[in-house]
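See below for the structure under consideration.
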Amino acid sequence: MSMNTVGRPTRPDTASAAASDAPASLTGARGLLQDEPLIFELGGWEKTGVDLPPVDFDAADLGDLVRAEPIGLPGLSEPEAVRHYVRLSQKNHAIDLALYPLGSCTMKHNPRLNEKMARLAGFADLHPLQPASTTQGALQLMDRLAHWLKTLTGMPAVALTPKAGAHGELCGLLAIKAAHEAAGHGERRRVLVPTSAHGTNPATAAFVGYSVQEIAQTEDGRVDLADLAAKLGTDVACIMVTNPNTCGLFERDIIEIARLTHAAGAYFYCDGANFNAIVGRVKPGDLGVDAMHINLHKTFSTPHGGGGPGAGPVVLSAALAPFAPAPWVTHGADNLVLTEEAIGEAAQAFGRLSAFHGQMGMYVRAYAYMRSHGADGLRQVADDAVLNANYVKARLSDVMSPAFPEGPCMHEALFDDAWLEGTGVTTLDFAKAMIDEGFHPMTMYFPLVVHGAMLIEPTETESKRELDRFCEALRALAAAAKAGDVERFKAAPRLAPLRRLDETLAARKPRLTWRPEPAVAPAPLAAE
C-alpha cells in the first residue's frame, strides 16, 4: 500500500476509463515512464546494497547506542537505487522542461556557468573552520559580492549571513530592535504590515516579539497612505513593505511611505524578494529604505523551489549599519579577515545570526551571475522580466480577468477568478488542467487580498516563443471552461503520473509514514 491512495485512487491504472482515451497499461507504466512505487515497497529487506569489511570492536563502547532493531531501510543495489530516483525525477516538472510560472518565486533558468563555478574545488570543498590563510579566495569573493550588493542597492552596509528571505527579515528586524533599544526606545513594539506584503513579514515580526497591525490596501493594490498615517505612533518600531508588492505592482508612494515612517521615529524595512523587477533600475537606498533582504537565489540565479538552497543578505542604512550581525569580512594589513570584533566606535552588533558565515555556494552563483551580466545586463534583467509579465497580461486579459487592469504590472501578472463565475470551474480546477497541457500551475490563491488569485511570473529568461506557447495553452483552457467542458477540469490532471487527491480527506487523515501491510492469515480449508 502506498501513501498515494489517500481518498480517491490516484494511480493512472486505477482511474476510470473516462479519464483517458487510451486504455490503461497492464503494468501501470505510461509509455517509457515507469510506474514507480515507494522505495520501501521495492523489497530487499533481507539484503544490503553494499559490502563493508567486518569491524572488530567492543559493543559495550557504544553504551545504549547499540542498535536493538533492524534499521528499517531496504537494501537496494546501485542500479536499483539510481533507477528509483531517476524515475521519480521524470515525474517532476522542471525549469529545464518548460516555463515555471510560479509568481513570487522567480523560478528562472539557472545558467550552467554559475553551477560550474560553484563546483570549483576551492569553493565547493571549503570548511567554515579553516584558517583564514587558506580561504583568502573565498573571503575576497564575499567582499566583492558585498560591494556589488551595496552598489546595486545604494546602501552602505550589508550582512551576508542570512540563509534565505525570511532569515533576512529576522536579521533586519533584530537590527531594528537593537537600534531602538540602544536609543532607549524599547517601548516601540508594534510593526505595521500592509496586506500586500509577503506572508513571512508578519510571521517574522511576531517571531521577534512584536505585535503586528495590518495596513489597508487601496483599490489599485497599493499601500493606503491615509491608513498608514493614522496607525503610525510612538510605539511603532517599523513598517514592512514588499516592493514591488505581491500584487505585482510598484508602490508609487514609496518615498512618501518612507517620509511618514521616519517622521514617526520608525524604521523602514523593505522586503526585497522581488528585487528581480527593479535591479539596475532603482536603488532602494534612494527610496528611504533602512533595511532590505535580497534573495540571491531568486534575483541572481539558482531557483529555490523544492527546498533550497538559499541566501538572503540584508543591506542596511547608515542608521542600522552599526547593528549588523557578526561576522564581517575586513581588510587586514596583508590579507582579508573574518572578524567578530566591533567595527568603529558606534558598532553594537546584535550578535551572530547563525553558527557560520552563510551559503558559499550561493555566494559563488550570485557573483558569477553579476559578473557575467555586468551592470547593464542586470538592468536588462529587470527590463525583460517586466516586459515578459506585461506581455502575458496583455495576451490573457481578454479571456481572463486581471485583478488590477489599469496600468502595467511589474514582474508578475495577477488575475482573479471573476472570469470563471458561472462555469463550475475553480482556480484549483484550472491549475490542475494546466498540468495536462504540460505546464506547472501558477501560484494559486495568493495574494489573499485577491479572490481566486492566479499569479503568473514568467521571469526574464523566457523567449517570446515560449510565452506564446504558454499563453495559447491558457487561452484554450479558458475557452473550454467557458464552453462548459467542466469534466475536463474536475477530472484533471488525467495525464499526470498520479491523479488528484481527495484533498479534504488527505488533510484530515494524512498518512505521512509508510507501514508494511499486516500479514493476512490464510483462510482455513473448508471441511470436506
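Keep in mind that this is a model prediction, so the values were computed, not measured. Numbers here are sequence positions counted from 1.
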>> For a side chain to side chain contact (heavy atoms under 4.5 Å, CB included) check, start with the C-alpha distance between M434 and L477, then their side-chain angles and the critical distance, and finish with the verdict.
In response: CA-CA 8 Å; M434 287 175 62; L477 286 173; 3.8 Å; yes
>> Using the rule given for side chain to side chain donor-acceptor pair (under 3.5 Å), can you reason through E169 versus N201, listing the C-alpha separation, both sets of side-chain angles and the distance that settles it, and then say yes or no?
In response: CA-CA 7 Å; E169 294 170 19; N201 291 180; 3.0 Å; yes
>> What verdict does the side chain to side chain contact (heavy atoms under 4.5 Å, CB included) test give for D417 and H451, after you've listed the backbone C-alpha separation in whole Å, the side-chain angles of each residue and the deciding distance to 0.1 Å?
In response: CA-CA 7 Å; D417 63 351; H451 192 275; 3.0 Å; yes
>> The test is salt bridge (Lys or Arg N to Asp or Glu O under 4.0 Å); show your working for K490 and E487 and say whether it passes.
In response: CA-CA 5 Å; K490 296 301 181 183; E487 180 57 29; over 6 Å; no
>> side chain to side chain contact (heavy atoms under 4.5 Å, CB included) for L296 and R365? Distances and angles first, verdict last.
In response: CA-CA 9 Å; L296 298 186; R365 291 177 177 92; over 6 Å; no
>> Between L260 and L228, is the side chain to side chain contact (heavy atoms under 4.5 Å, CB included) condition met? List the steps.
In response: CA-CA 8 Å; L260 290 171; L228 169 62; 4.2 Å; yes
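Considering CZ of F446 and SG of C247, their distance stands at 8.5 Å, rounded to 0.5 Å. We find the OH-CG distance between Y267 and L316 to be 11.0 Å, quoted to the nearest 0.5 Å. Taken from CG in L249 to CZ in R222, the straight-line distance is 4.5 Å, to the nearest 0.5 Å. Atom CZ in F268 sits 6.0 Å away from atom CD1 in I257 (nearest 0.5 Å). The distance from atom CG of D384 to atom OG1 of T459, rounded to the nearest 0.5 Å, is 9.5 Å. To the nearest 0.5 Å, atoms CG (L287) and SG (C270) are separated by 8.0 Å.
A 6.0 Å sphere centred on CZ of R189 holds more than 12 heavy atoms belonging to other residues, nucleotides or ligands.
Electrostatic pairing of R500 and D429 counts as a salt bridge here, judged by a charged N lying under 4.0 Å from a carboxylate O. Using a cutoff of 4.0 Å between basic side-chain nitrogens and carboxylate oxygens, R395 and E472 are scored as salt-bridged. Salt bridge D286/K283: absent, no basic N to carboxylate O contact under 4.0 Å. Looking at D235 and R190, a side-chain N of the basic residue comes within less than 4.0 Å of a carboxylate O on the acidic one, giving a salt bridge. A salt bridge between D383 and R281 is present, with a side-chain N of the basic residue lying under 4.0 Å from a carboxylate O of the acidic one. Taking 4.0 Å as the cut-off between side-chain N and carboxylate O, D96 and R112 count as a salt-bridged pair. A salt bridge links R252 with D220: at least one charged nitrogen is closer than 4.0 Å to a carboxylate oxygen.
Taking 4.5 Å as the limit, every side-chain heavy atom of I215 sits out of range of all side-chain heavy atoms of T195. Residues L192 and V236 have side chains in contact (heavy-atom distance under 4.5 Å, counting atoms from C-beta outward). At least one side-chain heavy atom of E256 sits less than 4.5 Å from a side-chain heavy atom of L225. In this structure, I456 and L474 have side chains that are in contact, with non-hydrogen atoms separated by less than 4.5 Å. The side-chain heavy atoms of C238 and L173, taken from C-beta on, include a pair separated by under 4.5 Å. The closest side-chain heavy-atom distance from I278 to M410 is below 4.5 Å. L320 is listed as a side-chain neighbour of S317, based on a closest heavy-atom distance under 4.5 Å. Using a 4.5 Å cut-off on side-chain heavy atoms (C-beta onward), R494 and R488 make contact.
Between the R259 side chain and the I255 main chain, no donor and acceptor come within less than 3.5 Å of each other. With hydrogens and angles ignored, the 3.5 Å screen pairs no side-chain donor or acceptor of E437 with any backbone N or O of F439. Judged by distance alone, the side chain of N274 and the main-chain N or O of N243 form no donor-acceptor pair under 3.5 Å. Side chain of R469 to main chain of L99: no donor-acceptor pair is present (N/O by atom type, distance under 3.5 Å, no hydrogens or angles). At least one donor-acceptor pair closer than 3.5 Å links the side chain of S372 to the backbone N or O of Y369. Put simply, the side chain of T106 never gets that close to the backbone of K298: no donor and acceptor are under 3.5 Å apart. Side chain of D502 to main chain of L505: a donor-acceptor pair is present (N/O by atom type, distance under 3.5 Å, no hydrogens or angles). Checked by atom type and distance alone, the side chain of T242 never pairs as donor or acceptor with a backbone atom of T246 at under 3.5 Å. Judged by distance alone, with hydrogens and angles left aside, the side-chain atoms of E41 form a donor-acceptor pair with the main-chain N or O of L38 at under 3.5 Å. In this structure a side-chain-to-backbone donor-acceptor pair under 3.5 Å is missing from K91 to A496.
Taking both residues in full, the closest heavy atoms of T427 and A453 are given as CG2-O, 3.7 Å, listed atom of the first, atom of the second, then distance. Closest non-hydrogen pair, D227 versus A216, comes out as OD2-N, 2.8 Å. Here the closest heavy-atom approach between residue H293 and residue A273 is recorded as NE2-N, 3.8 Å. Residues G361 and A118 come closest through the heavy atom pair O-CB, 4.0 Å. M292 and P284 make their closest contact through CE-CG, 3.5 Å (heavy atoms, listed as atom of the first residue, atom of the second, distance). The two residues V486 and G424 make their nearest non-hydrogen contact at CG1-O, 4.1 Å.
Using cut-offs of 30° and 60° on the angle between ring planes, the pair W419 and F430 is perpendicular.
With 3.5 Å as the limit, one finds a donor-acceptor pair spanning the side chains of D416 and S401. Of the N and O atoms on the side chains of K464 and N388, not one donor lies less than 3.5 Å from an acceptor on the other residue. With hydrogens and angles left out, the side-chain atoms of T218 and D224 include no donor and acceptor closer than 3.5 Å. For the residue pair H198/N245, the side-chain donor-acceptor check at 3.5 Å is not satisfied. Side-chain contact, Y367 with R371: a donor N or O sits under 3.5 Å from an acceptor N or O.
Of the residues F404, F415, Y445, the one that meets the side-chain contact (heavy atoms from CB on, under 4.5 Å) test with V450 is F404. Under the side chain to side chain donor-acceptor pair (under 3.5 Å) rule, N276 has a single partner from K108, H411, E412, which is K108.
With ring centers used as reference points, F300 lies 6.0 Å or more from W148.
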